[in-house]
Undergrad: 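The structure follows.
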Amino acid sequence: MPELPEVEVTRQSFASRIVGARVLGLRLGKPLRWPLGCEPGSLVGGVVGEVVRRGKYLWLPLHTAGQAGVATGGLLMHLGMSGALSFGALGAPGAHDHFDLETSAGTLRLKDPRRFGAVVWSSGLGVDPAAKLLSRLGLEPFDSAFDGAYLHQKLRRRRQAIKLVLLGGDVVVGAGNIYACEALFDAGIDPRLRSERISRRRADLLSVAVRETLARALALGGSTLRDFHDAHGMAGAFQDEAGVYGREGQACRKCSTPIRRIVQAQRSSFFCPQCQQR
DNA sequence: CTGGGCTCCTGTCAGC
DNA sequence: TGCTGACAGGAGCCCA
């Protein structure tokens, strides 16, 4: 489900309601991708800070008062392929609810049927497994440093197909399978094009397309393909105006050529063979 | 360092 | 109706 727009929409739907809440308890279901990395009981009494997003991760700071003053750490959360968060006065957990953070303002619950998602404790000191996950991430697409010059520079020494570099997240974060396909469509670039062959001019177009695709999806509340919703339970609407994603065989909205589907790194890529050139 | 392939897990849907 | 295979919004890890 969750690419940058869905994660950001999720964050915005509960961040202001949970900030300042006190942790009352944790409930763990089946194992997620990685172990929590701390004693669940050690988080009780912590106060939730401002939730921030980095790439497709959410960082939930927890301030715990101890003998040595206020210690700051937090939980790094990732929704994986099928995760969704809910927040509020929630009922009994269902079969796929694998993490509950019970707070004085309500319960933050991760539902994740496939369990590719994760919740990992981090001391926030930059030396633990959670910090390592963040350290490999590329620029945020809305960072002013993410422009055509930066992108061109990064792509110059990459032989990999451009679609795979976008998915990799080490150049720019946030675009997953849907938005990587859509951004390449908007920029008129074939997803199979070797990154090193992208001109400066096309890098300009692509950097703009990535940013604008994600911004438009964000404004529409993300994409709901089967069951994505934010922490209020609201669905997204971007899927209704996708140019290529999920449209194999249908007419291109620009030129009417049938949209093609190919497989790259075991994942579907959708593109218009007419509008998107190598 | 780069790139390719595999892997984790469960649910849904198309086709026979 | 039931079985089987393909496919699904991610991304770390291992190996060449």
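Throughout, protein chains are lettered first and strands after them, A, B, ... in sequence-line order, and every chain is numbered starting at 1.
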Undergrad: Any salt bridge between A/Glu8 and A/Arg53, counting N to O under 4.0 Å?
TA: yes

Undergrad: Mind calculating the distance between CG (A/Leu4) and C1' (C/dG10) to the nearest angstrom?
TA: 14 Å

Undergrad: Starting at atom NZ of A/Lys163, determine the distance to atom P of B/dG4, rounded to an integer number of angstrom.
TA: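 So the NZ-P distance, A/Lys163 to B/dG4, works out to 13 Å.
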
Undergrad: Is A/Asp190 paired with A/Arg197 through a side-chain N to carboxylate O contact shorter than 4.0 Å?
TA: no

Undergrad: C/dG10 P sits how many Å from A/Arg54 CZ, rounded?
TA: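 The answer, rounded to whole Å, is 17 Å.
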
Undergrad: Counting heavy atoms not belonging to A/Lys132, are there more than 12 under 6.0 Å from its NZ?
TA: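 No - once you tally the heavy atoms of other residues, nucleotides and ligands closer than 6.0 Å, there are 12 at most.
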
Undergrad: When we call it a touch if two heavy atoms are under 4.0 Å apart, what does A/Tyr57 touch: a base, just sugar-phosphate, or nothing?
TA: sugar-phosphate

Undergrad: What is the separation between atom CG on A/Leu164 and atom P on B/dG5, rounded to the nearest whole Å?
TA: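 After rounding, the reported distance stands at 10 Å.
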
Undergrad: Would you give a per-nucleotide map of nucleotides 7-13 of chain B, 5' to 3', where B means the base has a protein non-hydrogen atom under 4.0 Å away, S means only the sugar-phosphate does, and - means neither?
TA: -BBBSS-

Undergrad: A/Lys132 NZ to C/dA11 P: how many Å, rounded?
TA: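 Atom NZ in A/Lys132 sits about 16 Å away from atom P in C/dA11.
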
Undergrad: Would A/Leu75 and A/Trp59 count as a side-chain contact (heavy atoms from CB on, under 4.5 Å) if you check the C-alpha gap in whole Å, the side-chain angles of each, and the deciding distance to 0.1 Å?
TA: CA-CA 6 Å; A/Leu75 295 172; A/Trp59 171 247; 5.8 Å; no

Undergrad: Could you tell me the separation between the CZ atom of A/Phe238 and the CD atom of A/Glu3, rounded to the nearest 0.5 Å?
TA: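 So the CZ of A/Phe238 and the CD of A/Glu3 are separated by 9.0 Å.
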
Undergrad: Is the phosphate of C/dA8 approached by A/Ser268 (side-chain N or O, under 4.0 Å from OP1 or OP2)?
TA: yes

Undergrad: For A/Asp204, is there an ion pair with A/Arg200 - N to carboxylate O distance below 4.0 angstrom?
TA: yes

Undergrad: Counting only side-chain nitrogens and oxygens, does A/Arg267 get under 4.0 Å of the OP1 or OP2 atom of C/dG9?
TA: yes

Undergrad: Rounded to whole angstrom units, what separation is found between the CD atom of A/Glu248 and the P atom of B/dA14?
TA: 14 Å

Undergrad: If we count only N and O atoms by modelled type, under 3.5 Å, do the side chains of A/Asp230 and A/Thr10 hold a donor and an acceptor together?
TA: no

Undergrad: Just compare C/dC13, C/dG10, C/dC7 and give me whichever is closest to any side-chain atom of A/Arg261.
TA: C/dC7

Undergrad: How many whole angstroms separate atom CZ of A/Arg192 from atom P of B/dG4?
TA: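 The answer, rounded to whole Å, is 15 Å.
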
Undergrad: Reckon A/Leu167 touches a base, only the sugar-phosphate, or nothing at all at heavy-atom distances under 4.0 Å?
TA: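 Nothing: the residue A/Leu167, judged by heavy atoms under 4.0 Å, touches no strand.
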
Undergrad: Can you check whether A/Tyr245 has a side-chain N or O nearer than 4.0 Å to OP1 or OP2 of C/dA8?
TA: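 For C/dA8, OP1/OP2 do not have a side-chain N/O of A/Tyr245 under 4.0 Å.
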
Undergrad: Just grab all the side-chain hydrogen bond (donor to acceptor under 3.5 Å, both in side chains) pairs involving residues 235-245 of chain A, residues at least two apart or on different chains.
TA: A/Arg216-A/Glu241

Undergrad: Would you say A/His78 reaches C/dG10's phosphate, i.e. side-chain N/O to OP1/OP2 under 4.0 Å?
TA: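 No, outside the criterion.
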
Undergrad: Does the side chain of A/Asp128 come under 3.5 Å of the side chain of A/Ser122 through a donor N or O and an acceptor N or O?
TA: yes

Undergrad: Side chain of A/Gln160, heavy atoms from C-beta onward: which of B/dG3, C/dA8, C/dG12 has the nearest atom to it?
TA: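 The nucleotide sitting nearest to the side chain is B/dG3.
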
Undergrad: Checking side-chain polar atoms at under 3.5 Å, does A/Ser268 have a donor or acceptor matched by the opposite partner on A/Arg261?
TA: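 A/Ser268 vs A/Arg261: donor-acceptor pair found between side chains.
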
Undergrad: Based on Watson-Crick and G-U pairs with both distances under 3.5 Å, what dot-bracket line describes DNA chain C 5' to 3', crossing pairs as [ ] and inter-strand pairs as |?
TA: .|||||||.|||||||

Undergrad: Expressed as a whole number of Å, how far does the P atom of B/dC6 sit from that of C/dA6?
TA: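 14 Å, rounded to whole Å.
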
Undergrad: Whole Å only: how far is the CG atom of A/Leu134 from the P atom of C/dA11?
TA: 12 Å

